> 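Okay, here's the structure, questions in a sec.
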Amino acid sequence: MSTELHETARALVAEGKGILAADESGGTIKKRFDSIGIESTEEHRQQYRNMLFTTPGAEEYISGVILYDETIRQQADDGTPFPELLASRGIIPGIKVDAGAKPLAGAAGETVTEGLDGLRQRLEEYRSLGARFAKWRATYSISDSLPSEYCIWANAHALARYAALCQEAGIVPIVEPEVLQDGTHTIERSGIVTSRVLAALYTELFDQRIDLAGTLLKPNMVLSGYEASARAGVEEVADSTLHCFYKHVPAAVPGIVFLSGGQSDEDATAHLNAMNAQGPHPWQLSFSYGRALQAPALKAWDGKRENVEAGQRAYYHRAKMNGAARAGTYAPAMEQEAVPV
Ligand code: 13P
């Protein structure tokens, strides 16, 4: 198998760096813009992504950016296509290729992620547009009886089919099995479900002949439910997450890039930091955050041209904090370094 895949995967988890997930679908970016009272027009979406992607110095902490179909075709204010702009700064362009989580037939309350039909052709086009890695997200809800084995295996199968097509196209697949942490579950229950999901995923990836050294895993951390009455603290989250991933993720995988889910920005940074402080580990432990990298920038920008610099400072600061968490050297006091916006 091509070593280009291995090199790309390793570059995405280079020391001190991680990934910006800026691949919000039309529905999701509308929700984000609603929160600041901005209409989700193509122009506003371009302006927002332009602000993030032209942030001075972001490449010190950001190895890759996941784009959405609309964004990979858009241009920066100076006319440079976004993927070209990112690549010129040493940031690898990626692309979300799944078509979203849809109701799983015969399984009330559960979803399966769609998007395999025509994927071979789409990957070819995305590669020609500059994408060198991709993302496919499956989601699983936790309740006393869910997720079902049916849901776990249907999603694992689809993730592996996607991964095989990516590798054929010379694109590194990020496989994202996200066990949603909404609800009142305990951290133990989160660990059990995450374990089950990972065991099925790595079985399917093996059966479908995936070259693990040319992949990255993008999982949830093992957390108490967001609505649980007693929630585990930073050290317990780090211990439970590491315990789970050591059991299931082969050392051939170059990196685990966590999603932030519904964690606060600072929690997401503190959890990653605590895990890296216990290193070294068999894989790089990094981030592929959406909300936890963008939330302060979105708020500081507030849809106004005169706030672009403030938005960029907020994004740069979060990237820097997470860069420190890659080495286990983050401390909450460093948050004060942020230039006031
Ligand atoms: P969050 O970090 O906001 O969970 O987004 C990451 C992502 O790409 C989810 O698919």
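What you are looking at is a predicted structure, and each value in this text was computed from that prediction instead of being measured. Any value given below was found using the heavy atoms of this structure, including those in side chains, with hydrogens, waters and symmetry copies removed.
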> Looking at E149 and R196, is any side-chain nitrogen of the basic one under 4.0 Å from a carboxylate oxygen of the acidic one?
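A salt bridge is present here (some side-chain N lies under 4.0 Å from a carboxylate O).
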> Got a donor-acceptor contact below 3.5 angstrom from the T80 side chain to the A76 backbone?
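A pair under 3.5 Å: no.
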> Are the side chain of H157 and the backbone of W153 linked by a donor-acceptor contact shorter than 3.5 Å?
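Not confirmed, H157 side chain does not pair with W153 backbone.
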> May I ask you to decide if A324's main-chain N or O and T329's side chain share a donor-acceptor pair within less than 3.5 Å?
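Checking the backbone N and O of A324 against the side chain of T329, a donor-acceptor pair under 3.5 Å is found.
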> So Y289 and V257, do their side chains get closer than 4.5 Å, heavy atoms only?
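They are not in side-chain contact.
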> Between the main-chain N or O of V13 and the side-chain N or O of S63, is there a donor-acceptor pair closer than 3.5 Å?
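The answer is no, because no donor-acceptor pair under 3.5 Å joins these two groups.
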> May I ask you to check whether S240 and E188 show a side-chain donor-acceptor distance below 3.5 Å?
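No, E188 and S240 have no side-chain donor paired with an acceptor closer than 3.5 Å.
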> How about E306: does its CD atom have over 12 heavy atoms from other parts shown lying under 6.0 Å from it?
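Yes, CD of E306 has more than 12 neighbouring heavy atoms, counting only those of other groups under 6.0 Å.
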> Linking I/L/V/M/F/W/Y whenever any side-chain heavy atoms sit under 4.5 Å apart, do L198 and L159 land together?
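Looking at the clustering, L159 is in the same group as L198.
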> Under 4.0 Å between a side-chain nitrogen and a carboxylate oxygen: does that hold for E335 and R318?
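Looking at E335 and R318, the cut-off is met.
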> Nearest 0.5 Å, what's the CG-OG distance between L293 and S288?
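It is 8.5 Å, given to the nearest 0.5 Å.
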> Between Y48 and T71, is a side-chain contact (heavy atoms from CB on, under 4.5 Å) present by the stated rule, with each step listed?
CA-CA 11 Å; Y48 176 62; T71 324; over 6 Å; no
> Using a cut-off of 6.0 Å, state whether more than 12 heavy atoms not belonging to R161 lie near its atom CZ.
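Open.
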> Measuring from I174:CD1 to I256:CD1, what's the distance to the nearest 0.5 Å?
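If I round to the nearest 0.5 Å, the distance is 12.5 Å.
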> Q46 and D77: side-chain donor and acceptor closer than 3.5 Å?
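Yes, a side-chain donor-acceptor pair sits under 3.5 Å.
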> Do Q312 and T54 touch side chain to side chain, with heavy atoms closer than 4.5 Å?
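The answer is yes, as the side chains (C-beta and beyond) meet within the 4.5 Å cut-off.
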> Go through it in stages, so that I can follow the logic: the residues are Y315 and L20, the test is side-chain contact (heavy atoms from CB on, under 4.5 Å), and I'd like the CA-CA distance, side-chain angles, deciding distance and then a yes or no.
CA-CA 10 Å; Y315 166 52; L20 166 67; 3.4 Å; yes
> Atom NE2 of residue position H243 - does it have more than 12 heavy atoms of other residues, nucleotides or ligands inside 6.0 Å?
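12 or below, so no.
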> Taking side chain as C-beta onward, heavy atoms only, is H271 less than 4.5 Å from T241?
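Counting from C-beta outward, H271 and T241 never come under 4.5 Å.
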> Would you say Y150 has more than 12 foreign heavy atoms packed within less than 6.0 Å of its OH?
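More than 12 heavy atoms, drawn from other residues, nucleotides or ligands, come within 6.0 Å of this atom.
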> Give me the atom names and distance for the closest heavy-atom approach of F287 to L272.
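Reported closest heavy-atom pair: CD2-CD2, 3.8 Å.
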> Heavy-atom count check: over 12 atoms from other residues, nucleotides or ligands less than 6.0 Å from R120 CZ?
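Not more than 12 within 6.0 Å, no.
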> Does the side-chain hydrogen bond (donor to acceptor under 3.5 Å, both in side chains) test come out yes or no for R326 and Q284, once each step is laid out?
CA-CA 8 Å; R326 288 280 286 108; Q284 293 295 310; 3.0 Å; yes
> S148 and E110: which non-hydrogen atoms are nearest, and at how many Å?
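Scanning both residues, the minimum pair turns out to be OG-OE1, 2.6 Å.
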> Atom OG1 in T269, atom CG in N322: separation rounded to 0.5 Å?
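Between T269 OG1 and N322 CG, I get 3.5 Å after rounding to 0.5 Å.
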> So does D144 have more than 12 non-hydrogen atoms from other groups sitting under 6.0 Å from CG?
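No - once you tally the heavy atoms of other residues, nucleotides and ligands closer than 6.0 Å, there are 12 at most.
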> Are side-chain heavy atoms of P296 and D265 found at a separation under 4.5 Å?
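Of all side-chain heavy-atom pairs linking D265 with P296, at least one is under 4.5 Å.
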> Would the distance check show the side chain of E309 and the main-chain N or O of N307 forming a donor-acceptor pair, the cut-off being under 3.5 Å?
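Flag not set: sc E309 to bb N307 has no pair under 3.5 Å.
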> Nearest 0.5 Å, what's the NZ-OG distance between K299 and S35?
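One finds 10.0 Å between NZ of K299 and OG of S35.
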> Tell me, do N220 and L180 make a side-chain contact under 4.5 Å, heavy atoms counted?
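In short, these two side chains do not touch, never coming nearer than 4.5 Å.
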> Test D23 against every option in R137, K96, K135 by the side-chain hydrogen bond (donor to acceptor under 3.5 Å, both in side chains) rule and name the one that passes.
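Running side-chain hydrogen bond (donor to acceptor under 3.5 Å, both in side chains) over R137, K96, K135 with D23 returns exactly one hit, K135.
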> Output yes when a side-chain donor or acceptor of N273 lies under 3.5 Å from a complementary backbone atom of Y330, and no otherwise.
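Present.
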> Of the options L205, V249, L217, which is the one that meets L212 in a side chain to side chain contact (heavy atoms under 4.5 Å, CB included)?
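Considering L205, V249, L217, a side chain to side chain contact (heavy atoms under 4.5 Å, CB included) with L212 is found only for L205.
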> Do M334 and K320 have side chains that get closer than 4.5 Å, going by heavy atoms?
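No, their side chains stay 4.5 Å or more apart.
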> On the 0 to 90° scale, with breaks at 30° and 60°, tag the F245-F258 ring pair as parallel, tilted or perpendicular.
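Rings of F245 and F258: perpendicular, as their planes differ by over 60°.
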> Is there a side-chain contact (heavy atoms from CB on, under 4.5 Å) between V65 and R49? Walk through the geometry before answering.
CA-CA 11 Å; V65 173; R49 266 72 181 242; over 6 Å; no
> Is E125 paired with R73 through a side-chain N to carboxylate O contact shorter than 4.0 Å?
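Yes.
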> Would you say the side-chain atoms of D182 pair up with the backbone N or O of S141, donor to acceptor, closer than 3.5 Å?
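Absent.
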> About how many Å separate CG of L165 and CG of L119, when rounded to the nearest 0.5 Å?
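Taking CG in L119 and CG in L165, the distance rounds to 5.0 Å.
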> Look up atom CZ in R231 and atom OH in Y226, then write down how far apart they are to the nearest 0.5 Å.
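With rounding to 0.5 Å, CZ (R231) is 7.0 Å from OH (Y226).
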> Would you say the side-chain atoms of Q278 and D239 include a donor-acceptor pair closer than 3.5 Å?
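Q278 vs D239: donor-acceptor pair found between side chains.
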> Can you tell if the side chain of R132 reaches within under 4.5 Å of the side chain of R127, non-hydrogen atoms only?
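Yes; the side chains approach each other to less than 4.5 Å.
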> Determine whether L116 and I210 fall in the same hydrophobic cluster, where Ile, Leu, Val, Met, Phe, Trp and Tyr are linked whenever their side-chain heavy atoms lie under 4.5 Å apart.
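Same hydrophobic cluster.
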> Go through the side-chain N and O atoms of T3 and H6 and say whether any donor and acceptor fall under 3.5 Å apart.
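Short answer, no.
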> Going hydrophobic residue to hydrophobic residue with side-chain gaps under 4.5 angstrom, can you get from L104 over to I142?
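They do not share one cluster, since no chain of ILVMFWY contacts under 4.5 Å joins L104 to I142.
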> If hydrophobic clusters are built from ILVMFWY residues whose side chains come within less than 4.5 Å, do V175 and V253 share one?
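As far as the 4.5 Å side-chain criterion goes, V253 and V175 are connected within one cluster.
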> Of all the heavy-atom pairs spanning R10 and P254, show the shortest one and how long it is.
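Of all heavy-atom pairs spanning R10 and P254, the closest is CG-CB, 4.3 Å.
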> Is the shortest heavy-atom distance from the side chain of Q181 to the side chain of M221 under 4.5 Å?
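Q181 vs M221: side chains apart.
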> Show your reasoning for whether side-chain contact (heavy atoms from CB on, under 4.5 Å) applies to L216 and W283.
CA-CA 10 Å; L216 294 173; W283 353 255; over 6 Å; no
> Using a 3.5 Å distance criterion without hydrogens, assess whether the side chain of Q167 forms a donor-acceptor pair with backbone atoms of D211.
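Judged by distance alone, yes, a pair lies under 3.5 Å.
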> Does E84 use its side chain to pair, donor to acceptor, with the backbone of P81 at less than 3.5 Å?
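A pair under 3.5 Å: no.
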> Using a cut-off of 6.0 Å, state whether more than 12 heavy atoms not belonging to Q75 lie near its atom CD.
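It does: Q75 CD has more than 12 such atoms within range.
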> For E24 and Q294, which heavy atoms make the closest approach, and how far apart are they?
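E24 and Q294 have their closest heavy atoms at OE2-NE2, 2.7 Å.
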> Test of understanding: clusters of I, L, V, M, F, W, Y form through side-chain heavy atoms closer than 4.5 Å, transitively. Do Y68 and I66 belong to the same one?
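Unlinked, Y68 and I66 end up in two clusters.
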> Where is the tightest heavy-atom contact between P177 and V197, given as atom of each residue plus distance?
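Closest approach of P177 to V197: CB-CG1, 3.6 Å.
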> Of the non-hydrogen atoms in L285 and N276, which two are nearest, and what is the gap between them?
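Smallest interatomic distance, heavy atoms only, reads O-ND2, 3.0 Å.
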> Can a donor-acceptor pair be found, under 3.5 Å and without considering hydrogens, that links the side chain of H185 to the backbone of G225?
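It does hold such a pair.
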